[in-house]
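It should be emphasised that the depicted structure is a prediction, and the values quoted were computed from it without experimental measurement. Here is how names work: the chains are called A, B, and so on, in the same order as the sequence lines, proteins then strands, and each is numbered from 1.
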Amino acid sequence: MYPDVYDKVGNNEVFNPEFIYEHLEKPKDPKMGRFALPVFRFTKLLAAKPQDIAQAVAGAMTIPEHVPITVEVAGGFINAKVDFSALAEESLVKILSLQKEYGTEDIGEGKTVIVEYSSVNIAKPFGIAHLRTTILGNSLRLILKKLGYNVIGMNYLGDWGTQFGKMIVAYRKWGNDIDLSDNPIEKLLELYVRFHEEARTNPELDDEARKTFKALESGDPETVDLWKRFKDMSLADYLKVYEQLGVEFDVITGESFLNDKMESLIERLEKAGLTSVSKGALIVDLHDPQLPPCLLKKADGATLYATRDIVGAFWRWEEYHFDEALYVVANSQSDHFKQVFKVIAMLEEAEQIPEQERIANRLKHVDFGWVKFGDKTMSTRSGNIIYLTDVINKAVTLARKKIREKNPGLQTIDKTAEMIGIGAVLFSQMSVRRLKDVNFIWEDVLNFEGETGPYLQYTHARLCSLLRNYDGEITSNPDVSLLHGEEEERIVELLADFPGAIRDAARNYDPYFIAMHLIKLAGAFNRFYQRKTPEGRIDKIISDDAPLTRARIALVRAVQVVINEGLRLLGIKAPEEM
RNA sequence: GCCCCCGUAGCUCAGUAGGAUAGAGCAGCGGUUUCCUAAACCGCGGGCCGCAGGUUCGAUUCCUGCCGGGGGUACCA
């Protein structure tokens, strides 16, 4: 084709299959095809205009008969369309036979991943600040399982630390006569807020709190007893919330669990010569101008959460021998994790641990942006928080009201309202890329229209309704030649791309990719559902034309399977009616 | 001061291994139901992609600086 530059071209392996494969992209507009090869990058090499190259290459291509693609040139792009019926045939048959196993893969087989998420702080109310880690982590766990990983979903409770010193001091000072049997968390919160108010004018309280935590750490029975009471009461409360949200864990543990493992780690670090004492505190100097030293022990000898995270990482390794450990924690803690990971790397280096047993580069902070509320930052200390239960209750109540308006005959109103209200809340946290700060806007979270969870659920219910109304059998090898509209093509493409969306979500540690894929699919289906004939009538899916109806119902079934499975991966329930 | 994240339509956000006229949803306005669930669908208006340079055939995307918002910055987590 280009004999004068053949050597150069050959040397650069331009136009060999792998090279081309790597440069393929997806056209901006799906109508232009499934694959595109921009040839601008070769203009210099070939000393020709992009359009000419594209023309020449496309003209020289011979496509074997069994390969169902057609090639078009558009400016400097070579676009390849996959023959619709081949694509439809392949993906529909696959979906209809595999059902919910469609998109399941084994790329994670034999690999263990720990996903730490939620990790609420005991004795504090479940606020919307914890919503994101809980929802993101729960979905990530499901997504990674789908790809064949051995996943351990871990709730690492914040049940240790100076805050408990504060709580216990507050309780002893002002709370002894409070009845904690009813709504304990709220009462504990009041104490906690009061502590911070009073500590502003009375700094001695902070000292007292530190002392009390130290007593807890060294096992003072009376203090431990109180701590345990607080912990049990709060955990019981959280479990109810998790149940309501449909969030599950494989392991629930907490920082306190590591208490007796601290000393041996600190000894290891000391032995490795990494520690030093600064201003009375035991630290590891990270020799990094960007990072402050990592504190292991305060001047009073009590540990800090960095110490516990370091110990925890090693404990997780011994217990699970993970290939990867994810920490789904807000990005405000990114320095903390950098410090923790660095200390671990330094220790492994100093101890000359064999490469394959090192964990430092298996640890990954999956960070996400803040949940903001108006112009105020939410914080437990100021008492300025939105309770998750309030959010859920409002959403469910609103859902119930809508059902009464729109579908009063529905048998399971309460159950369905719960699915929808919670679906709205869950989706609101996954419809934005995880690093973005999200504003908590009541109006948006309680919106059931547009790009929302209820929209997906509604579409699913609509699909199920069609399947109920169809009295024939659902074929698993439909005559795809009958599905020839623009809408059908778009639906099939999105169905075919669903497994890719799952992989994108896993690669980016972000369920967002699945959420948006489902929105597109639901939109494509709803357009198909409401398409009109040239005469202006609805082009119904179920009609007198039996073969056509059979083919369309097969498509409906495939969409329903994918939306159902996609919602499951997001942790959202898919109602059959609503 | 230093470090990290963010800055795209009135609002909330996509567009991120650099690519084809910058896309959705919400809000606004106007349509669609003798009804396979209108929580839907169609149309309209709406943009110096924070600003200024640089690299490139090509920059919303990469680099540098500045501006604006958020977070972090050793004895909280």
Has the side chain of A:Asn447 got a donor or acceptor that lies under 3.5 Å from a partner of the other kind on the base of B:A39?
no
Heavy atoms only: give me the nearest A:Ala505-A:Phe513 pair and the separation to one decimal.
N-CB, 3.9 Å
Go ahead and name the base partner of B:G68; Watson-Crick or wobble counts if both distances stay under 3.5 Å, otherwise write none.
B:C6
Looking only at side-chain atoms of A:Tyr455, point me to the closest of B:A40, B:G71, B:A14.
B:A40
Mind checking A:Gly161 for me? I need base, sugar-phosphate or nothing, with any heavy atom below 4.0 Å counting as a touch.
sugar-phosphate
Please name the nucleotide paired to B:A24 by Watson-Crick or G-U wobble geometry with both distances under 3.5 Å, or report none.
B:U12
Would A:Thr459 and A:Asn526 count as having a side-chain donor-acceptor pair, cut-off 3.5 Å?
yes
Are A:Lys436 and B:C6 close enough that a side-chain N or O sits under 4.0 Å from OP1 or OP2?
no
Going by purine N1 to pyrimidine N3 plus the second Watson-Crick contact, or the G-U wobble pair, all under 3.5 Å, which nucleotide sits opposite B:G53?
B:C63
Looking across every strand, which nucleic acid part, if any, lies under 4.0 Å from A:Pro289 by heavy atom: base, sugar-phosphate, or nothing?
nothing
Considering only B:G70, B:G19, B:C5, which nucleotide approaches the side chain of A:Trp370 most closely?
B:G70
Mind checking if A:Glu255 touches a base, just sugar-phosphate, or nothing, with heavy atoms under 4.0 Å?
sugar-phosphate
Can you measure A:Ile491 atom CD1 to B:C41 atom P for me and round it to whole angstrom units?
12 Å
Is it true that the side chains of A:Asp367 and A:Ser334 contain a donor and an acceptor less than 3.5 Å apart?
no
Does the side chain of A:Glu449 come under 3.5 Å of the side chain of A:Thr452 through a donor N or O and an acceptor N or O?
no
B:C42, B:C36, B:C4: which one has an atom nearest the side-chain heavy atoms of A:Leu466?
B:C36
Residue A:Arg462, side-chain atoms from C-beta onward, closest of B:C4, B:A39, B:A38
B:A38
Checking contacts here: which listed nucleotide (B:A39, B:G19, B:C5) is nearest the side-chain heavy atoms of A:Phe77?
B:G19
What nucleic acid atoms does A:Ile403 come within less than 4.0 Å of, heavy atoms only: base, sugar-phosphate, or nothing?
base
For A:Met516, which contact category applies under a 4.0 Å heavy-atom criterion: base, sugar-phosphate, or nothing?
nothing
Check salt bridge (charged side-chain N to carboxylate O under 4.0 Å, His left out) between A:Glu487 and all other residues, then give those that pass, not counting sequence neighbours.
A:Arg531
Determine the contact category for A:Asn79: base if any of its heavy atoms lies under 4.0 Å from a base atom, sugar-phosphate if only primed atoms, P, OP1 or OP2 are that close, otherwise nothing.
base
Closest nucleotide among B:A39, B:A74, B:C5 to the A:Ile420 side chain:
B:A39
Base partner of B:G1, which must satisfy Watson-Crick or wobble distances under 3.5 Å:
B:U73
How is A:Glu576 classified with respect to the nucleic acid when contacts are heavy atoms under 4.0 Å: base, sugar-phosphate, or nothing?
base
NA contact type, A:Lys279, heavy-atom cut-off 4.0 Å: base, sugar-phosphate, or nothing?
base
Quick one: which of B:C6, B:C36, B:A39 gets closest to the side chain of A:Ile541?
B:C36
Donor-acceptor pair between A:Glu577 and A:Thr416 side chains, under 3.5 angstrom:
no
Considering Watson-Crick and G-U wobble pairs with both distances under 3.5 Å, what does B:G18 pair with?
none
From the options B:A14, B:A40, B:G25, select the nucleotide whose nearest atom is closest to the side chain of A:Glu451.
B:G25
Phosphate oxygens OP1/OP2 of B:G15: is one of them under 4.0 Å from a side-chain N or O of A:Arg433?
yes
With a 4.0 Å cutoff (strictly under), does any side-chain N or O of A:Arg308 reach OP1 or OP2 of B:A77?
yes
Between A:Ser118 and A:Thr133, is there a side-chain donor-acceptor contact under 3.5 Å, judged purely by atom types and distance?
no
Mind checking who B:C48 pairs with, Watson-Crick or G-U wobble, both distances under 3.5 Å?
none
Taking any heavy-atom pair under 4.0 Å as a contact, classify A:Ala302: base, sugar-phosphate, or nothing.
nothing
Using a strict threshold of under 4.0 Å (side-chain N to carboxylate O), is an ion pair present between A:Glu489 and A:Lys81?
no
Base partner of B:C41, which must satisfy Watson-Crick or wobble distances under 3.5 Å
B:G31
Mind checking A:Ser465 for me? I need base, sugar-phosphate or nothing, with any heavy atom below 4.0 Å counting as a touch.
base
When you measure from the side chain of A:Asn526, which nucleotide among B:A77, B:C6, B:A40 comes out closest?
B:A40
Looking at B:A40, does its base get a donor-acceptor pair with the side chain of A:Thr459 below 3.5 Å?
no
So A:Arg210, base contact, sugar-phosphate only, or nothing? Heavy-atom distance under 4.0 Å.
sugar-phosphate
Over how many whole Å does the gap from A:Arg527 atom CZ to B:G25 atom P extend?
9 Å
Could you tell me whether A:Leu435 contacts a base, only the sugar-phosphate backbone, or nothing, with contacts defined as non-hydrogen atoms closer than 4.0 Å?
sugar-phosphate
For a quick check of understanding: with a heavy-atom distance under 4.0 Å over all strands, which category does A:Ser278 fall into, base, sugar-phosphate or nothing?
base
Indicate whether A:Tyr529 forms a stack on B:C41; treat it as stacked only if centroid distance is below 5.5 angstrom and interplanar angle below 30 degrees.
no
Nearest-Å distance, CG (A:Leu446) to P (B:A39)?
18 Å
Side-chain contact check for A:Ile538: nearest option of B:C36, B:C42, B:U60 is B:C36
